[in-house]
Each structure stands twice: as structure tokens, then as C-alpha cells.
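Notes follow once the structure below has been shown.
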Amino acid sequence: MSSADQTLNLQPPPSPARASLGRRLAFLFRRRRDTLQFFADLARDNGDTTTFKGGRADFWFFTHPDAVRDVLVTQDEKFIKGPALRRTKRTLGEGLLTSEGDLHRRQRRLIQPALHPQRVATYADMMTAFARETADSWRANQEIDLHDQMMRLTLRIVAKTLFDSDVGADVETISHAMDISVGMFVRAMTPWGPLLNFLPLPSNFRFKRAWGQLQKTIEGFISERHASGAHKDDLLSRLLEATDTEGDGTGMSDKLLRDEMITLFTAGHETTANALTFTFYLLSQHRDVEDRLHAELGEVLGGRIPSAADVERLTYTRMVLAESMRLYPPAWAIGREPTEPCTIAGHEVPAGAVVLLSQWVTHRDPRWWPEPEKFDPERFSPTNRSTRPRWSYFPFGGGSRLCVGESFAWMEAILIIATLAQRWRMTYLDPQPPKLKPLITLRPATPIRMRLAGV
Ligand code: HEM
């Protein structure tokens, strides 16, 4: 990618059909061995648009912000989710992530108000209380696995938000179910995944047991709430009481409610935990940035616990988080399938193709991000933001499928960073940078070992 070329590359992409079997296999091997580098190489070698064959499908990989805008926003209605995510319906049912069309629009109308920024603000004190508990449990000179700690923290927060339940004791059970399911999501991303699901494999039995347990726990929460008739200040009560005033005036069935709860649970904690993990890792590698962050925390908070009202004032903290999600986007790729032929960035894309966008690649394009590997929160100052195309950065997706938890995630992550960083500095203990595992989310492949020191 040339940094001088700011225009859309309209060269016709190489035809996927022309590649020999040998080339296709080599291609597949490279893709599985180092997926992130594979996509980065495609962009480096082919420019803004690459087509390739994967299984029986023709893939179209677009990296230009205009193409991102076309797919996510302007021509949104011509697309459904890609095949990998569609296969997760087996687990996620008809939750927001996987549903389509009228059902998706209706469910979105019912759920969105419960995650509106004003509603989200009411969760702030709970978020900081849990973050404080984590900070209190740490000791100077202790070694922690940061990713594990962040997963536990965000899991407790999302469970409290959804069911007003402190899953402290159940964390192990729920984490176990989630871990096993991630393995199944990975399988869902392969063309032969659905076949394997029907074989009597131990992994299938393990998954069935763990997922069944999770479903039972969630169904238990729902029936308890029906039985007690209590109104609680959580998403479960809000969704039980929500009716579709723009549609048929009714609410959602218990089965849909269960699917939505599991979807919010799944989508709502690992992404944020990954963002926090990479943010603290980056801070440990850039003490100058960390010092500036501490200076802001001192000025705005002066040692007190942050509240919802502080989130707007913590502008540098927000810039640090934004830059961390540029370099390590928790959702690193988005897949779609056009249901009718469409023109994206000047290319005729047939119905049934798989269209791929990648935050990992577009967020590192030197045309919009000079010295892309450099961690520099200044890129997100108001002046610098205005110099880039809007869709050169899309950690939360966009259009009708924009992350419904975006406000929740910003508030949660900023409050956690502010609470933990006021108390602790971390030193990264491994000589190498973290290895990455791009599954549904981009997570570290191994524990992130940190040594703690009091501030
Ligand atoms: C840093 C944290 C997060 C990131 C980076 C993130 C990213 C994303 C992205 C990129 C999408 C769009 C996927 C697509 O278009 O195919 C999405 C959708 C979604 N996210 Fe998030 N997310 C985060 C946190 C959350 C939280 C905290 C919740 C819930 C409380 C949540 C719930 C959802 C749901 C339900 C959808 C599906 C929305 C729909 O299709 O209508 N996410 N997220």
C-alpha cells in the first residue's frame, strides 16, 4: 500500500477461479498458520481489493474505508451476516448477533433503549465497585495473569448488568462454558465445521454439556424473575417489560429472551476484557503515555473513585483506549454475504459471495495511519481525527449492525482503566510481545504475565 495513494484502487481483482489446486492449498495453509499476517499480506500485495477461493465460496476482501462504508452503511440492506457467524446460530439461537431482517429490527428496537448511554450511566457505580474489588485483591510485587483477571472482572460486570446477579461463585462454570464454546465457534469458521458437529466426538459431548448448563442457568434466572414478579434494575427486567411500540405492541418470548441474554453475555465480556488487556500491555511498554494518563487521572479525579460524570472528562484515557483498539481491535474482522448482486468500491460482487472487512488491516493502513505500528494516542485528538476518512476506524462495526453495547463498552473500559491505573502500575514479564489468537475476537494466545507495583 503506498502512502501517497489516497484514492480507491479500481484494478480488477485476480479471479479466484483461476488459481490452481496447489496454490489454493498453499493459500489455505498460510491462512490457518498466521491468519492476521495472511490478511495483511493480501492487502500489501493486492491493494484495496482481493478475491480468493475458500472452500466453494468466492471471497472478496476489501480494505478501503469507502468499501467499509458501502458494506456496513450505504448498502447495508443488501447483506446478511457471513457463513461463519451464521453457523453460530446453533449456539446463539436468534439473538441480535445472528438474527436477520424483521426479527433483527424488532429485537434491536426492544433492546437498544436498555443500552442507551443514559441507561448505561446507571451501571457506572457497580462497574467501579467491581473494579475496586479487583484492585483491592492485588498485592504489591504480585504476578498476575492480566487477561484472566480482566475476563473475570468483565464477566462479573456483565452478569450483574444482565441479571442483577453477582456470579462470583459461578464464574468458573460460566467461564468453562464460554471457553468450550469458543472452540466450537472456531470450528464454525471452517467450511467443514457443520459436518464435524454431527459426529460422536468428545468435543461435541463436552460442548453440549457445558452449553446446556449455561442455558439452564439463564433459563433459571428468567423463570425466577417471572415467579417473583420483582422489578430489578437490570437488563432482564427491562427486556421482560419491553414492548414493541413501533410494531405489534407485544414483547419477546422467553426463548428469544434466553437467546438475547446468552448473546449479550457472550458478546459483552470477552471483547472488553481483550481491549483492557491490550491497553494495560501497551501502557506497560510506553511509560510516557502512562505518565500522561496518570496526570489526567490526578487532575480529574484527585484520587477519588470515578463516576459516570467523569467519563466525558477523561479525554486522554479515551484516546489511549481508542488507540489500543486500533492496534488490537477486539473484533478483528467482519464477514457478510450479499443477498443480491452489488457494486462495492467499483467491483461487481455477486450474490452468495463472502465479503470480508478487517479492522486489523484497515486500522494499520499507512495511508490513514502513518507509522501504523507505533502506539500514539495523539492520533485520536480532535484535530487529528478530522484528517482521516471516517471508516478508516471501525472497532464497533457500523450501520444497522453497529455494536449495541458500544456505549456500555466505552464507559466500562474507561472506568476500569481509571480505577485500576490509579492504584497499580504493571510490568510485562515476558521478553516477547504477546502472541495473538484471532478467533471470533482477537485475544492473547498465552497468559499475559504482569508484575504489580503500587502507584
Ligand atoms: C470493546 C468492546 C466491544 C467491541 C470492540 C465490540 C465490537 C462489536 C462489533 C464489531 C460488532 C458488529 C459485528 C458485525 O457487524 O458483524 C458488535 C456487535 C454486537 N455487540 Fe459488541 N463489542 C464490544 C462490546 C460489547 C458489549 C459490552 C456488548 C453488550 C453489553 C456487546 C453486544 C453486541 C451485540 C448484541 C452485537 C450485535 C448487534 C446487532 O447485530 O444488532 N458488545 N460488537
Side-chain angles (χ1 to χ4, degrees), residues 68 71-73 76 79-86 88-89 92-101 103-112 114-117 119-120 123 127 150-151 153-163 189 234-236 238-239 256 259-279 318 321-322 324-337 354-360 362-363 391 393-417 440-443:
V68 175
V71 174
L72 294 184
V73 188
D76 197 8
F79 291 91
I80 56 173
K81 293 276 174 131
L85 202 90
R86 285 211 303 276
T88 65
K89 268 200 186 187
L92 294 178
E94 289 288 350
L96 266 192
L97 261 176
T98 41
S99 60
E100 300 284 357
L103 176 62
H104 175 261
R105 274 187 287 278
R106 179 176 194 273
Q107 291 299 98
R108 184 96 195 188
R109 283 199 297 272
L110 289 173
I111 292 171
Q112 204 159 274
L115 288 165
H116 184 275
R119 284 280 191 201
V120 167
Y123 300 124
M127 290 169 175
M150 295 301 102
M151 288 285 273
L153 177 55
T154 56
L155 183 73
R156 287 183 71 193
I157 289 176
V158 82
K160 184 80 180 163
T161 313
L162 292 176
F163 314 110
M189 290 163 89
D234 61 10
L235 267 162
L236 178 56
R238 284 177 190 156
L239 297 192
L256 265 182
D259 288 353
E260 293 300 1
M261 284 294 173
I262 291 184
T263 296
L264 289 165
F265 214 75
T266 314
H269 88 286
E270 183 172 329
T271 38
T272 315
N274 296 349
L276 287 163
T277 302
F278 290 119
T279 302
R318 182 178 287 266
L321 176 62
S324 152
M325 289 194 289
R326 178 186 73 79
L327 279 170
Y328 296 101
W332 65 276
I334 289 182
R336 291 285 190 271
E337 183 178 310
V354 180
V355 168
L356 290 178
L357 310 171
S358 169
Q359 290 93 334
W360 174 266
T362 302
H363 288 186
W391 294 100
Y393 185 69
F394 56 109
F396 292 95
S400 67
R401 312 300 303 231
L402 174 76
C403 175
V404 76
E406 178 173 356
S407 307
F408 188 94
W410 280 107
M411 164 146 314
E412 178 186 16
I414 289 173
L415 290 174
I416 292 176
I417 296 169
I440 293 271
T441 68
L442 181 65
R443 44 152 80 180

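In listed order, ligands and their atoms are each counted from 1.
Residue Lys81 touches ligand 1 through its side chain alone, judged by heavy-atom distances below 4.0 Å. Of all the heavy atoms of Arg336, the ones lying under 4.0 Å from any atom of ligand 1 belong exclusively to the side chain.
Gln359 places a side-chain N or O within donor-acceptor distance of the main-chain N or O of Ala333, the cut-off being under 3.5 Å. Between the side chain of Thr154 and the backbone N or O of Glu270 there is no donor-acceptor pair closer than 3.5 Å. A donor-acceptor distance shorter than 3.5 angstrom exists from the side chain of Glu260 to the backbone of Leu96, with no hydrogens or angles considered.
Going from atom CG of Leu72 over to atom CZ of Phe396 covers 14.0 Å, rounded to the nearest 0.5 Å. Atoms CG and OG1, from Leu264 and Thr161 in turn, are 10.0 Å apart once rounded to the nearest 0.5 Å. One finds the CG atom of Leu97 at 12.5 Å from the CD1 atom of Ile262 (value rounded to the nearest 0.5 Å).
Annotation: side chain of Glu406 is not in contact with side chain of Leu115 (no heavy-atom distance under 4.5 Å).
For Phe394, the ring-ring contact (aromatic ring centres under 6.0 Å, His included) partners are His363, not counting sequence neighbours.
Heavy-atom proximity to Phe408, at under 4.0 Å, picks out these atoms of ligand 1: 27 (C). Near Pro395, meaning under 4.0 Å from any of its heavy atoms, are these atoms of ligand 1: 5 (C), 7 (C), 10 (C).
Leu97 CD2, 3.7 Å is the protein heavy atom nearest to atom 37 (C) of ligand 1. The protein non-hydrogen atom at the shortest distance from atom 38 (C) of ligand 1 is Arg108 NH1, 3.5 Å.
Distances shorter than 2.8 Å separate atom 21 (Fe) of ligand 1 from the protein N/O/S atoms Cys403 SG.
At least one N or O atom of Arg401 sits closer than 3.5 Å to an N or O atom of ligand 1.
Exactly one residue among Arg108, Arg105, Lys81, Arg401 makes a salt bridge (Lys or Arg N to Asp or Glu O under 4.0 Å) with Glu100. That residue is Arg401.
Closest heavy-atom contact between Met261 and Leu235: CE-C, 3.8 Å.
The closest approach between His104 and ligand 1 falls below 4.0 Å for a heavy atom of the residue.
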